[in-house]
**Q** 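Pasting a structure here, questions to come.
Every chain is numbered from 1 and lettered A, B, ... according to where its sequence line falls, protein lines coming before strand lines.
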Amino acid sequence: MPRTPIESGVPDPFQYMHPVMAKNYGMWKYHERPRPGVLCHTAKSGDKVWTVRAGTQRQMDLYTIRKLCDIADEYAEGHIRFTIRSNIEFMVSSEAKVQPLIDKLLKEGFPVGGTGPSVTMISHTQGWLHCDIPGTDASGVVKALMDELHEEFIKEDMPNRVHIATSCCQINCGGQSDIAINIQHTKPPKINHDLVANVCERPAVVARCPVAAIRPALVNGKPSLEVDEKKCICCGACYPPCPPMQINDPEHSKLAIWVGGNHSNARSKPSFQKLVAAGLPNNPPRWPEVAAILKKILHVYKEDAKDWERISDWVERIGWPRFFELTELPFTKFHIDDWRGARRSLNSSTHIRF
Amino acid sequence: MPRTPIESGVPDPFQYMHPVMAKNYGMWKYHERPRPGVLCHTAKSGDKVWTVRAGTQRQMDLYTIRKLCDIADEYAEGHIRFTIRSNIEFMVSSEAKVQPLIDKLLKEGFPVGGTGPSVTMISHTQGWLHCDIPGTDASGVVKALMDELHEEFIKEDMPNRVHIATSCCQINCGGQSDIAINIQHTKPPKINHDLVANVCERPAVVARCPVAAIRPALVNGKPSLEVDEKKCICCGACYPPCPPMQINDPEHSKLAIWVGGNHSNARSKPSFQKLVAAGLPNNPPRWPEVAAILKKILHVYKEDAKDWERISDWVERIGWPRFFELTELPFTKFHIDDWRGARRSLNSSTHIRF
Amino acid sequence: MSKQKHETPMLDQLESGPWPSFITGIKRLANDEGKTYQDTMIDLLGQLEHSYQTRKGYWKGGTISVMGYGGGIIPRFSEVGDKYPASREFHTLRIMPPAGMHYDTKIMREMCDVWEKHGSGLIAFHGQSGDIMFQGARSDKVQDAFDEFNKMGFDLGGAGPAVRTGMSCVGAARCEQSCANEQKILRLLVNEFLDDMHRPALPYKFKFKVSGCPNDCMNSIERADFSVIGTWRDDMKVDQDAVKAFIAEKGQKYVIDNVITRCPTQALSLNDDDTLAVDNRNCVRCMHCINVMTKALSPGDDKGVTILIGGKRTLKIGDLMGTVVVPFMKLETEEEYEKIVELAGDIIDFFAENALEHERTGEMIERIGLANFIEGIGLEVDPNMIAEPRQCSYVNTGNWDEEAQKWFDRKAEERAA
Amino acid sequence: MSKQKHETPMLDQLESGPWPSFITGIKRLANDEGKTYQDTMIDLLGQLEHSYQTRKGYWKGGTISVMGYGGGIIPRFSEVGDKYPASREFHTLRIMPPAGMHYDTKIMREMCDVWEKHGSGLIAFHGQSGDIMFQGARSDKVQDAFDEFNKMGFDLGGAGPAVRTGMSCVGAARCEQSCANEQKILRLLVNEFLDDMHRPALPYKFKFKVSGCPNDCMNSIERADFSVIGTWRDDMKVDQDAVKAFIAEKGQKYVIDNVITRCPTQALSLNDDDTLAVDNRNCVRCMHCINVMTKALSPGDDKGVTILIGGKRTLKIGDLMGTVVVPFMKLETEEEYEKIVELAGDIIDFFAENALEHERTGEMIERIGLANFIEGIGLEVDPNMIAEPRQCSYVNTGNWDEEAQKWFDRKAEERAA
Ligand code: SRM
Ligand code: SRM
Ligand code: SRM
Ligand code: SRM
Ligand code: SF4
Ligand code: SF4
Ligand code: SF4
Ligand code: SF4
Ligand code: SF4
Ligand code: SF4
Ligand code: SF4
Ligand code: SF4
């Protein structure tokens with residue numbers, strides 16, 4: 001007899017939560033950051049909890065996880081949590097336990113950092129490892145980049161916290177961030193006409209295209225689809241519902257960098273990131289062209305921004321023309337928005353910095 | 001033999017310009033406002049010119065104009081100019097001439113003011129006096145309102161300058177302003193089907209409708225048009241090219257008030273005004289309902305805004321919810337934009353004042 | 001004796017109150033025994049009262065022009081001519097004023113005389129596009145009136161799908177903020193395109209407006225297809241003694257609250273010795289601090305203009321602001337002035353060829369995208385044209401490298417120059 | 001002995017460097033002699049290297065589920081199964097973590113054991129929607145793995161056109177900014193709609209995210225159909241002694257430059273005695289000053305949540321932020337908690353009935369207009385829902401008076417209450 005699932009939903013977290021956190025739930029007073037990678041939260045009761053944050057590879061093998069459990073058991077009172085960015089956090093109830101825990105983590109190869117004004121772990125998506133529509137391998141891109149940004153992760157010397165994300169197709173499962181590194185296709189899909197009739201629900205695909213570039217068509221006497229290449233914006237939306245519409249291309253699926261997203265409500269309202277660089281080669285295993293630009297942007301930001309300015313605040317203050325000047329990135333016609341509502345992105349003023 | 005026109009274009013202004021202005025052209029140093037309605041500009045040469053600004057009715061009869069010329073000849077060195085808002089300006093080269101000029105203007109019924117942080121003349125359009133598509137009489141509305149705002153015109157005690165405009169149809173020939181008072185139709189056009197075939201170029205009318213609500217149709221066997229009333233946004237765009245599409249209605253062509261336009265680049269970038277009140281009766285000859293709301297808005301602005309805050313700056317600081325609270329105007333679903341690009345007008349943040 | 005006057009109980013109510021009354025003025029004309037316009041004005045008042053009573057307008061258009069021109073007259077025929085026959089025809093001549101709307105009383109009186117003879121005696125100074133509106137000519141008088149104005153050195157303005165009458169602020173004639181020779185720019189631009197003004201054959205109207213500084217007293221960004229605004233490229237001028245004097249008079253707090261904290265880019269700070277520090281690199285030339293401290297601060301010396309294209313009001317897609325297409329253009333030498341005229345020509349040509357019927361420049365740009373417009377008029381894209389780069393990945397970036405190369409080449413040229 | 005290993009020269013390059021390597025981890029599994037997953041992971045590495053070499057992906061979808069559920073599994077079949085047969089099937093179980101992603105080592109180890117037995121040994125903590133992703137089950141193992149997780153108290157998350165796995169921040173468990181019981185809100189919401197999660201039948205996906213304060217550490221405004229964010233209604237709390245201590249430590253200039261001038265509504269000013277004045281009426285609860293002066297400032301006592309609807313990423317009309325539909329909702333009593341669940345139900349119902357196929361809430365709102373959506377879910381319009389009123393006159397305001405009356409009635413009721 002088949003087993004009926006227990007529809008238990010989201011588990012109650014209190015059964016797993018560090019006891020100091022559970023005890024003081026909702027009753028915290030303030031926090032400090034004694035050093036990069038460490039938070040100290042003080043409760044109204046006077047209780048304190050120290051959190052040590054370490055980077056992980058997100059895609060973890062059993063050995064890595066068990067090692068982290070061993071560390072937690074031996075050095076950290078047996079409780080952990082993960083952040084939204086796949087960093088692991090160990091909580092301890094006494095300051096004395098902090099340094100040994102850090103030493104152990106470092107020894108086992110887990111960088112300690114990602115707190116405060118640092119570059120924290122890049123949030124990422126599935127890529128070639130698992131997804132059915134990826135243009136690149138997000139895990140690989142992130143491993144390559146975090147190797148380069150190790151110093152920025154373990155120190156807290158950026159003007160404000162820096163959140164980066166990658167996505168392996170233009171659907172963008174990756175969250176938005178201060179900086180996003182995403183696949184950008186640059187050619188309309190090549191259609192494998194032999195397969196369309198069998199695999200695709202053609203009206204659904206036609207409806208999915210944001211610019212109505214797809215028409216049903218007879219090709220070699222068989223029902224298929226055709227794309228108006230002048231209209232097509234190479235978004236790849238047609239690919240998931242119709243895999244014969246091959247959008248991925250080893251050469252023409254490029255990477256693009258987007259800057260200035262901001263989702264907290266601190267200071268300015270949340271805003272989306274803007275295109276700054278595109279056409280970057282999808283160059284495994286280390287994507288050096290992407291890394292170079294990313295580091296340049298971070299470097300300029302670090303030099304030029306004021307304390308507490310997120311990248312978006314900083315660019316708002318200095319203006320986009322200066323951003324391009326300082327980062328030495330080319331400004332092209334592609335930077336000028338022409339999507340719906342584009343007009344609000346144009347400069348309808350004489351506010352110009354010379 | 002027909003006379004060939006001399007295509008002389010825009011005349012050279014120097015032949016008519018006050019000589020101190022012509023002499024110091026492009027060489028001015030600073031200005032002061034000795035009192036409301038008077039500007040004093042000092043040139044780098046040390047020359048000074050005093051300008052006395054007075055209100056006019058724009059639509060002037062010969063007698064009014066000749067009287068102004070007489071005043072200019074007797075009190076003001078024979079030169080005048082008009083501002084973009086149909087105020088007249090008299091220039092004199094000596095301070096001594098200012099007061100006699102003012103006295104004379106006041107005696108003849110021309111209010112002196114409109115400078116600095118005052119409510120200057122309302123710019124307006126043609127209305128029933130001359131236009132072929134008006135919903136109201138702009139000159140009448142403005143005469144009625146300026147009578148009410150006389151004090152605000154002759155004094156300089158607003159937080160910053162206030163520009164008001166009216167338009168007599170939704171085409172809005174009136175410039176944008178801090179406050180705009182415009183016709184707003186509230187019913188789709190009634191079609192006089194008998195006339196359509198003869199008077200209208202039907203494809204042109206169909207193309208003119210912003211929401212594609214007009215379809216060619218046969219009515220009583222004759223080619224005419226029909227309107228999808230669900231779609232129609234009552235804009236009146238179909239009326240000029242096709243007068244049988246009667247949009248004007250004694251009852252349903254209402255007045256609406258828009259607030260917070262700003263066209264200078266001072267402080268914030270230029271912005272358009274926003275709807276605050278609509279459904280106001282088109283109530284000649286004195287439009288008391290409009291005057292009451294206008295005065296309420298001005299009153300609240302005057303009380304609550306800081307120096308140098310234009311209405312737009314002020315509302316930006318206090319937030320629109322508070323604007324509705326202070327002015328006691330109702331907030332309705334109509335205030336929520338649903339035109340193209342509406343999304344940028346929604347509150348996509350937790351920035352809320354409680 | 002004149003014809004019978006109409007009862008005007010509603011209009012009469014517009015004669016009281018402190019503001020000058022246009023009704024009183026029209027009545028003066030209607031009372032003007034023996035003048036050719038008297039009957040017209042009597043019936044005009046009648047029709048207007050009828051509008052007030054019924055809350056409807058009663059004019060319709062038609063076709064009237066002067067010899068050699070296709071536009072510039074707004075024809076008005078009454079729909080209630082049976083009741084008000086004398087104002088059955090009531091056409092407006094749009095006459096372009098001197099740039100900046102300067103007059104002497106002599107020319108004013110001459111204009112009045114012409115309008116007394118051939119018109120209605122009713123004149124508007126000015127219409128929203130800047131024309132002197134001589135309102136109320138009969139069809140058979142339009143040519144005569146025009147001929148006289150034309151001989152005095154005045155010309156018809158625009159109407160219909162044409163280059164329209166332009167406007168420039170008082171600017172250099174009196175205003176210390178002026179960074180441009182407004183009247184010269186306006187006259188050069190409009191007078192170059194008189195053919196496109198007088199013989200309407202563009203897709204739709206096209207308006208020039210010129211403001212001498214970013215205060216934009218002509219509302220040009222918001223109302224002109226082609227907006228020219230004076231600005232400067234070097235540092236603003238600070239007279240530190242005048243700064244101190246201002247602070248001494250107003251107090252430090254006033255200056256902080258009204259100047260320092262109002263700068264849109266936090267480019268100002270007050271030094272301990274009551275002098276002002278300006279971060280000119282981040283100043284966006286908004287004018288605010290200069291407006292407040294008019295004696296202490298002024299625009300710099302390296303003056304020029306910013307050009308924005310595409311402003312207009314509501315019809316068919318909603319109000320549009322102009323957008324920057326030339327961040328800075330120097331206007332000193334005649335060669336430089338020629339360049340702005342050339343640019344205007346290129347834009348009008350592109351507009352004529354690419355806009356749909358009844359489509360304004362702003363709507364056209366909205367439809368084809370700013371980048372295509374910029375390319376179409378032969379300019380190079382510039383980050384000053386945008387408030388921010390694109391947010392949406394929906395674009396084919398196929399030839400990114402080529403486009404990037406253009407930028408690098410330009411930058412290399414600039415460095416070499 | 002295991003099967004032959006593939007050459008992975010490109011992947012090997014991802015083993016160096018200071019960041020933990022997922023390749024090294026996968027290799028450990030591929031070296032794990034005798035484990036059921038060893039061959040799978042050998043071929044997985046082969047296929048992945050093949051992807052790196054050819055720069056293409058080789059997975060395709062399919063249909064896999066567990067008994068009783070329609071969603072929650074992401075099926076993956078290899079397109080190059082002939083070359084890499086052992087990883088031909090490599091499905092992911094999306095398992096919902098405890099709210100806030102808290103674990104103890106015991107439960108972690110148990111999960112590892114299950115995945116050692118039935119899966120590939122590869123687990124992601126966590127996916128971008130917040131699931132634990134157990135990646136790499138063969139089709140015949142999916143049910144077994146699920147059964148074991150389910151017995152441990154874990155349940156499948158969402159996939160397909162369904163309510164999806166949600167996320168809540170660490171919040172009240174550790175964070176002094178928390179204005180809400182995040183885990184409770186998340187669990188109440190998601191667990192109420194498990195039927196819509198496990199049996200996908202909505203027009204498209206629907207996501208809940210909960211942040212305890214406007215810092216929005218869950219990026220909920222931007223990624224959630226239903227975003228719940230803690231906030232407060234009364235005055236923020238100021239510990240003036242701590243303010244003074246902060247100023248003493250950092251200096252006045254630092255506080256002015258980093259706190260006072262950064263307030264988006266100029267609601268802060270520093271008094272002469274180094275105390276802080278807060279204009280709470282104009283504070284928009286942005287959190288900035290509280291973030292900087294964490295000991296001195298804190299949210300007020302009258303806590304509750306703001307609810308925003310319609311956030312999502314790029315597909316088909318570009319990224320959308322959620323927009324405010326409930327400016328403030330108190331969440332203290334069970335009744336109040338019921339209300340938020342009710343509201344979610346109303347919204348999901350409206351979505352189910354009114355969205356087009358494959359249309360998200362944000363896209364639906366864009367299509368029908370916010371006002372219609374608000375009306376549809378039975379709420380009243382509120383000026384806090386907008387950043388500014390409409391700019392375009394293109395709207396039929398026909399029944400203005402009726403709508404205005406609704407507002408006056410509401411205000412009268414509020415006054416009466
Ligand atoms: C642990 C975590 C929440 C969780 O449940 O997982 C978290 C925890 C804290 N956040 Fe966060 N934030 C976390 C992700 C985020 C995100 C989302 C993201 O990373 O994608 C955001 C929004 C990002 C954005 O705006 O685009 C976020 C925006 C903030 C901010 C606002 C920063 C700003 O100035 O804009 C603060 C305030 C601050 O920095 O003091 C903040 C502050 C904090 C504090 C200080 C709150 C507190 O008092 O405990 C926490 C310690 C932060 C630290 O690293 O120093 N947290 N925080 C997340 C850690 C991610 C990581 O591993 O790096
Ligand atoms: C696994 C994950 C990425 C990751 O590595 O973390 C993921 C992976 C996929 N996403 Fe996603 N999405 C994931 C979080 C997101 C997020 C982030 C979030 O939830 O906050 C988003 C952006 C937010 C949003 O909802 O818009 C996201 C927006 C999409 C979209 C576009 C939805 C839209 O309306 O714009 C699609 C396309 C679709 O559904 O048709 C999509 C579709 C997919 C599919 C199912 C691709 C497909 O259509 O076949 C991917 C399956 C990959 C795989 O093989 O596992 N995924 N996806 C994330 C889910 C893991 C988890 O359950 O925890
Ligand atoms: C005469 C006139 C130009 C013309 O050629 O006709 C003019 C003249 C001056 N304007 Fe203006 N402005 C004139 C219309 C405008 C307009 C357009 C309008 O009225 O529709 C604007 C843009 C309105 C807008 O932003 O919506 C305008 C925005 C300004 C500003 C910016 C104000 C601000 O803070 O936003 C200043 C700066 C100031 O106030 O110190 C300014 C300043 C000035 C100064 C002080 C410039 C100067 O140094 O001489 C002039 C005297 C102004 C006074 O009244 O105190 N002028 N000014 C116009 C007088 C109109 C009237 O009769 O009231
Ligand atoms: C007379 C004047 C109003 C006034 O009383 O001052 C006026 C009057 C008319 N305008 Fe206008 N517009 C006048 C300045 C404007 C302005 C202001 C400006 O030029 O800065 C605008 C807004 C700016 C702009 O260009 O968008 C303006 C935007 C319109 C429009 C909408 C254009 C658009 O693209 O949105 C129309 C409709 C059309 O052309 O089809 C229009 C059409 C008209 C017509 C011709 C109505 C028609 O289609 O039959 C009106 C003739 C009235 C009459 O009987 O004299 N009028 N019109 C202004 C011209 C006087 C002059 O020459 O000085
Ligand atoms: S971003 Fe695209 S390719 Fe990457 S996991 Fe999401 S859907 Fe798959
Ligand atoms: S890639 Fe995008 S734009 Fe091009 S055909 Fe496919 S869905 Fe349409
Ligand atoms: S606003 Fe409308 S009615 Fe008034 S003058 Fe302009 S076109 Fe005519
Ligand atoms: S009033 Fe406007 S929306 Fe209605 S039919 Fe006419 S043009 Fe179309
Ligand atoms: S736009 Fe500038 S230059 Fe022209 S009048 Fe106004 S303030 Fe003076
Ligand atoms: S002109 Fe404007 S931007 Fe420049 S310093 Fe003054 S206030 Fe700031
Ligand atoms: S969203 Fe607010 S309450 Fe939640 S963790 Fe972040 S700062 Fe703390
Ligand atoms: S929370 Fe934000 S808005 Fe409120 S006072 Fe602090 S900085 Fe200003």
Side-chain angles (χ1 to χ4, degrees), chain A residues 2-11 13 16-17 21 25-26 28-30 41 56-65 69 72-73 78-82 128 130 132 134 139-140 143 146-147 150 171-173 175-176 210 237 248 250 263-267 270 272 282 284-285 307-308 339, chain D residues 10 13-14 17-20 22 25 28-29 51-52 55 57 59-61 67-68 96 98-105 108-109 112 116 121 123-125 128 147 150 153 155 172-174 176 183 187 190-191 194 214-216 219 221-222 258 262 264 286-288 294-295 313-316 319:
Chain A
R3 179 180 171 276
T4 313
I6 305 163
E7 303 205 28
S8 48
V10 186
Y16 308 116
M17 200 184 284
M21 291 164 82
Y25 191 84
W28 295 91
K29 196 148 177 236
Y30 63 86
H41 285 83
T56 79
Q57 63 271 57
R58 184 176 97 143
Q59 306 284 14
M60 288 182 275
D61 58 299
L62 297 175
Y63 291 89
T64 299
I65 301 167
C69 288
D73 282 336
H79 296 268
I80 58 169
R81 71 174 293 273
F82 289 90
W128 292 330
H130 200 272
D132 55 341
S139 312
K143 159 66 180 155
M146 286 311 294
D147 278 345
H150 179 248
I171 279 176
N172 287 328
C173 297
Q176 296 248 356
N248 286 312
H263 312 116
S264 88
N265 293 275
R267 298 170 302 282
F272 290 113
N282 184 13
D307 272 14
W308 291 98
W339 188 242
Chain D
M10 288 186 102
Q13 292 181 54
L14 285 175
W19 199 259
F22 70 110
R28 272 193 289 262
L29 298 171
S51 279
Y52 272 59
R55 304 186 187 186
W59 298 109
K60 58 176 191 262
M67 289 291 187
M96 289 191 283
M101 298 174 171
H102 300 269
Y103 301 92
D104 60 20
T105 51
M108 288 292 283
R109 291 186 202 276
C112 287
E116 178 167 355
I123 316 179
F125 286 96
Q128 293 301 326
D147 284 342
N150 196 220
D155 199 358
R174 192 185 62 197
E176 73 271 19
Q183 62 84 27
R187 293 185 66 224
V190 173
N191 293 353
L194 292 175
N215 279 329
D216 195 6
N219 294 334
I221 296 186
E222 181 263 321
N258 287 282
R262 304 287 181 88
C286 86
M287 296 299 295
H288 173 73
T294 161
K295 289 188 191 168
R313 278 224 69 182
T314 317
L315 260 189
K316 308 178 284 296
D319 298 338

**Q** Which distance, rounded to the nearest 0.5 Å, do you find between the CD of D/Glu176 and the NE2 of A/His41?
**A** 5.0 Å
**Q** With the side chain counted from C-beta on, respond yes when D/Met287 and A/Arg267 share a heavy-atom pair under 4.5 Å apart, and no when they do not.
**A** no
**Q** SG/A/Cys173 to CD/D/Gln128 distance, rounded to the nearest 0.5 angstrom?
**A** 8.0 Å
**Q** Using a 3.5 Å distance criterion without hydrogens, assess whether the side chain of A/Asp132 forms a donor-acceptor pair with backbone atoms of D/Lys60.
**A** no
**Q** Kindly give the heavy-atom pair with the smallest separation between A/Met21 and D/Ala173, and that separation in Å.
**A** CB-O, 3.2 Å
**Q** Taking every non-hydrogen pair under 4.5 Å, which of A/Pro284, A/Pro210, A/Pro134, A/Ala72 racks up the most with chain D?
**A** A/Pro284
**Q** Going by distance alone, is a donor N or O of one side chain under 3.5 Å from an acceptor N or O of the other, for A/Asp73 and D/Thr105?
**A** yes
**Q** Looking only at side-chain N and O atoms, does D/Thr314 offer a donor or acceptor that is under 3.5 Å from a partner on A/Asn172?
**A** yes
**Q** Output yes when D/Asp104 and A/Arg81 qualify as a salt bridge under the 4.0 Å nitrogen-oxygen rule, no when they do not.
**A** no
**Q** Please give me the minimum heavy-atom distance between D/Gly17 and A/Lys143, naming the atom from each residue.
**A** O-NZ, 3.6 Å
**Q** Are any of the side-chain heavy atoms of D/Ile123 and A/Met60 separated by less than 4.5 Å?
**A** no
**Q** Flag the one option from D/Thr294, D/Asn219, D/Leu14 with the top tally of heavy-atom pairs under 4.5 Å to chain A.
**A** D/Leu14
**Q** Ignoring hydrogens and angles, tell me if any N or O in the side chain of A/Arg58 forms a donor-acceptor pair with the backbone of D/Ala124 under 3.5 Å.
**A** no
**Q** Which one of D/Gln13, D/Arg262, D/Met67 has the most heavy-atom pairs closer than 4.5 Å to chain A?
**A** D/Arg262
**Q** Report yes if the side chains of A/Ile80 and D/Met108 come closer than 4.5 Å at any heavy-atom pair, otherwise no.
**A** yes
**Q** Is there a side-chain contact between A/Tyr25 and D/Arg174 (heavy atoms, below 4.5 Å)?
**A** no
**Q** Hey, can you tell me if D/Tyr103 and A/Phe82 have their rings parallel, tilted or perpendicular (30° and 60° cut-offs)?
**A** perpendicular
**Q** For a quick test of reading the model, state the closest non-hydrogen atom pair linking A/Leu62 to D/Leu29 and the distance between them.
**A** N-CD2, 4.1 Å
**Q** Is the closest side-chain donor-acceptor distance between A/Arg3 and D/Asn150 under 3.5 Å?
**A** yes
**Q** I need the minimum non-hydrogen distance between A/Ala237 and D/Leu315, along with the two atoms involved.
**A** CB-CD2, 3.4 Å
**Q** For A/His150, is there any backbone N or O sitting under 3.5 Å from a side-chain donor or acceptor partner on D/Trp19?
**A** no
**Q** Taking every non-hydrogen pair under 4.5 Å, which of A/Thr56, A/Asn248, A/Thr64 racks up the most with chain D?
**A** A/Thr56
**Q** So D/Phe125 and A/Ile65, do their side chains get closer than 4.5 Å, heavy atoms only?
**A** yes
**Q** Heavy-atom pairs under 4.5 Å with chain A: which of D/Pro214, D/Pro264, D/Gly121, D/Ala172 has the most?
**A** D/Ala172
**Q** Locate the shortest heavy-atom distance separating A/Ser8 from D/Gly153; write the atom from each residue and the value.
**A** OG-O, 3.7 Å
**Q** Give a yes or no on whether the backbone of A/Ser264 and the side-chain of D/Asp216 come within a donor-acceptor separation of less than 3.5 Å.
**A** no
**Q** Can you find a heavy atom in the side chain of A/Ile171 that is under 4.5 Å from one in the side chain of D/Arg313?
**A** no
**Q** For A/Trp128, is there any backbone N or O sitting under 3.5 Å from a side-chain donor or acceptor partner on D/Trp59?
**A** yes
**Q** Measure across D/Ala99 and A/Pro13 and return the closest heavy-atom pair with its distance rounded to 0.1 Å.
**A** O-CB, 3.0 Å
**Q** Short question: side chain of D/Asp319, backbone of A/Phe272 - any donor-acceptor pair under 3.5 Å?
**A** no
**Q** Pick one of side chain, backbone, both or neither for D/Lys295, based on which atoms fall under 4.5 Å of a heavy atom in chain A.
**A** both
**Q** Report the distance from atom CG of A/Asn265 to atom CG of D/Asn215, rounding to the nearest 0.5 Å.
**A** 8.0 Å
**Q** Within a 6.0 Å radius of atom NZ on A/Lys29, are there more than 12 heavy atoms belonging to other residues, nucleotides or ligands?
**A** no
**Q** Does any backbone or side-chain atom of D/Ile221 lie under 4.5 Å from a heavy atom of chain A? Answer side chain, backbone, both or neither.
**A** side chain
**Q** Using a 3.5 Å distance criterion without hydrogens, assess whether the side chain of D/Arg55 forms a donor-acceptor pair with backbone atoms of A/Asn282.
**A** yes
**Q** Identify which part of A/Trp339 has an atom lying under 4.5 Å from any heavy atom of chain D, answering side chain, backbone, both or neither.
**A** side chain
**Q** Quick one: does A/Asp61's side chain get under 4.5 Å of D/Phe22's, heavy atoms only?
**A** no
**Q** State, with a plain yes or no, whether a side-chain heavy atom of A/Pro270 is found less than 4.5 Å away from one of D/Glu222.
**A** no
